[in-house]
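Residue indices begin at 1 and follow the sequence shown.
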Amino acid sequence: MNVHCSQSGRNFVRSILCIFVAMLFLPFMSIAYAEDKPIVVLPGIRIFDYSIDGRDVYFAGNSGEADSTVKLSVWNEANNQIKEIDIKPADHDVNGTYYQLLSVSQKSALLIRFQVKILNDRTFATQDLEEIDFTSMERKKIASYDPNETFFSLKDSFLMIYQNDESDAQSTRFVLTNYDNNIIWEKTYLSKFTINDVISVPDGFVVLGAMNGCGYISKFDANGEMIWEKLIENCETIRKGKLNEDVIIFTGITEHNSLNNPCELSLGQISSDGNIDLMELDEKIYMVNLLAMENVDNNLFLLLLAKEGDNFLIEAIQLDHNLGYINHKTVVENADPVCTAQFVLINSNLYIAYSGATPMKTDRGYFKFRTPFSTYIYPYTSFDLKE
């Protein structure tokens with residue numbers, strides 16, 4: 001028996017089949033789409049630093065507004081929940097205050113507060129070590145430091161570096177203190193070098209930066225005695241480094257960069273005894289700024305601020321254990337050129353925390369921003385990890 005179907009009937013059957021197929025693939029389509037979206041949004045905070053306690057990530061920053069004060073947000077990676085810690089404002093907080101989070105626990109946080117104020121056309125800078133008690137939410141100033149000192153967190157201590165700018169007596173002073181502000185040792189060297197990063201190693205620490213127009217790397221023992229120092233002539237400055245087993249992988253740039261002049265990224269590694277091995281990338285990588293780097297499962301990840309035409313991008317670059325190029329991914333397409341961004345590594349899980357406002361270009365070519373800032377956390381599952 002022949003059965004004849006009308007055109008409208010056949011269209012109805014096709015529609016039902018299409019809906020059925022779409023329902024089968026919808027969950028997979030949703031997962032693929034979600035990988036490119038932030039899993040967490042922390043509204044109203046621009047992050048300057050973070051610290052991890054278990055699976056809680058404490059982010060320190062401010063709102064970026066005129067009456068900006070210290071803000072702390074806690075993100076729990078296990079249940080993906082956010083908690084705001086309301087800190088009582090201090091009367092000396094103004095816009096232009098930045099925070100470096102040295103340590104954090106369930107009870108308190110220890111941070112550096114750096115503030116710049118302009119009074120009667122004169123600029124004043126202050127730098128204080130503060131403790132925030134999470135029970136009382138009180139802020140207590142522990143000590144004040146010279147605003148020219150730079151802080152780096154090491155093992156159960158932090159390193160203060162002060163550089164004298166006087167032309168006739170250039171020097172660099174290292175002061176290691178514990179978290180109770182007790183001085184462990186102090187050393188002064190009669191030379192000056194730009195310091196961009198300090199890496200803690202089992203037998204001391206390594207300084208990365210620039211000196212006399214070249215990349216600069218030096219190693220110090222646990223007592224602050226210099227073991228060796230190296231200059232890298234084909235690199236203008238060393239930006240960041242990451243300890244990988246018994247070597248440090250470092251990144252540098254080949255020329256001075258600015259928002260309108262992207263520079264070429266250079267990579268290398270240096271052993272504990274100072275042997276340097278410069279790497280040649282499979283593809284040249286150009287950037288406005290190197291924001292962060294992280295090593296996960298023999299993969300090196302770089303977080304860059306890049307530029308395409310008039311648009312700024314946040315891009316993540318993935319390299320293998322030989323520093324060979326694997327792939328890259330655009331994380332933020334319309335990025336704030338004065339953003340902050342970092343990798344957050346929790347139990348081998350890698351995340352990207354990006355803080356910024358939405359940039360809007362005016363008729364005169366200047367950028368203005370919508371405040372307050374917000375922070376967006378993206379999962380590392382957006383990338384294909386390769387051994």
Side-chain angles (χ1 to χ4, degrees), residues 28-43 45-47 50 57 59 75 80 239-240 242 249 251-254 257-267 279 281-320 323-346 349-361 365 367-370 373-386:
F28 304 99
M29 294 167 63
S30 299
I31 291 173
Y33 181 75
E35 285 182 351
D36 295 327
K37 298 295 180 180
I39 58 172
V40 176
V41 177
L42 285 67
I45 181 172
R46 184 187 185 198
I47 289 173
Y50 74 93
V57 184
F59 293 104
W75 170 53
N80 210 27
R239 283 295 182 84
K240 294 181 183 293
K242 197 72 180 177
I249 299 173
T251 59
I253 59 173
T254 56
N257 66 302
S258 64
L259 289 180
N260 295 314
N261 182 27
C263 57
E264 184 180 345
L265 176 71
S266 60
L267 278 172
M279 304 293 181
L281 294 172
D282 295 340
E283 292 188 13
K284 288 187 176 182
I285 298 175
Y286 293 91
M287 63 181 183
V288 174
N289 193 17
L290 174 66
L291 301 173
M293 63 183 295
E294 190 60 75
N295 185 30
V296 185
D297 296 337
N298 293 321
N299 286 247
L300 182 67
F301 289 90
L302 306 174
L303 201 58
L304 313 177
L305 177 66
K307 190 177 183 185
E308 190 175 87
D310 292 332
N311 193 35
F312 290 92
L313 313 170
I314 300 295
E315 295 204 341
I317 308 292
Q318 182 184 359
L319 307 173
D320 62 22
L323 302 185
Y325 177 86
I326 295 179
N327 57 39
H328 77 277
K329 186 177 184 66
T330 300
V331 182
V332 180
E333 292 186 349
N334 188 24
D336 183 347
V338 293
C339 67
T340 61
Q342 47 256 314
F343 286 119
V344 180
L345 182 62
I346 311 174
N349 293 329
L350 186 64
Y351 302 89
I352 296 170
Y354 161 80
S355 297
T358 302
M360 296 174 289
K361 202 167 186 181
F367 284 96
K368 61 180 181 177
F369 308 97
R370 183 187 66 217
F373 289 81
S374 292
T375 295
Y376 307 87
I377 299 177
Y378 299 84
Y380 83 105
T381 48
S382 296
F383 311 97
D384 297 324
L385 289 175
K386 298 181 181 179

- Task: In sequence, state the C-alpha distance, the side-chain angles, and the governing distance for R46 and V338, and then conclude on side-chain contact (heavy atoms from CB on, under 4.5 Å).
- Result: CA-CA 11 Å; R46 184 187 185 198; V338 293; 4.1 Å; yes

Roughly how far, to the nearest 0.5 Å, is the [atom2] atom of [Y] from the [atom1] atom of [X]?
X: F59; Y: L42; atom1: CZ; atom2: CG; result: 6.5 Å
X: I352; Y: K329; atom1: CD1; atom2: NZ; result: 9.5 Å
X: L350; Y: Q318; atom1: CG; atom2: CD; result: 10.0 Å
X: D320; Y: N299; atom1: CG; atom2: CG; result: 7.5 Å

Which atom names give the shortest non-hydrogen contact between [X] and [Y], and what distance separates them?
X: F343; Y: Y50; result: O-OH, 2.8 Å
X: P43; Y: S374; result: CA-OG, 3.7 Å
X: G356; Y: Y376; result: O-CE1, 4.4 Å
X: E333; Y: L313; result: O-CD2, 2.9 Å
X: P379; Y: K37; result: CD-O, 4.1 Å
X: L305; Y: P337; result: CD2-O, 3.5 Å

Any non-hydrogen side-chain atom of [X] less than 4.5 Å from a side-chain atom of [Y]?
X: Y354; Y: V331; value: no
X: L267; Y: L319; value: yes
X: Q342; Y: I47; value: yes

- Query: In this structure, which one of N295, I317, I326, V296 forms a side chain to side chain contact (heavy atoms under 4.5 Å, CB included) with F301?
  - Reply: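 Single pass found, and it is V296.
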
- Message: So, using side chain to side chain contact (heavy atoms under 4.5 Å, CB included) as the criterion, who are the partners of K240 when residues are at least two apart?
- Response: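 By the side chain to side chain contact (heavy atoms under 4.5 Å, CB included) rule, K240 matches D197, T251, L290, M293.
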
- Using the ring pair (Phe, Tyr, Trp, His ring centres under 6.0 Å) rule, take W75 and Y351 through it: C-alpha gap first, then chi angles, then the decisive distance, then the call. CA-CA 12 Å; W75 170 53; Y351 302 89; 5.0 Å; yes

- Dump the intermediate steps for side-chain contact (heavy atoms from CB on, under 4.5 Å) on E294 and L303, then the final yes or no. CA-CA 9 Å; E294 190 60 75; L303 201 58; over 6 Å; no

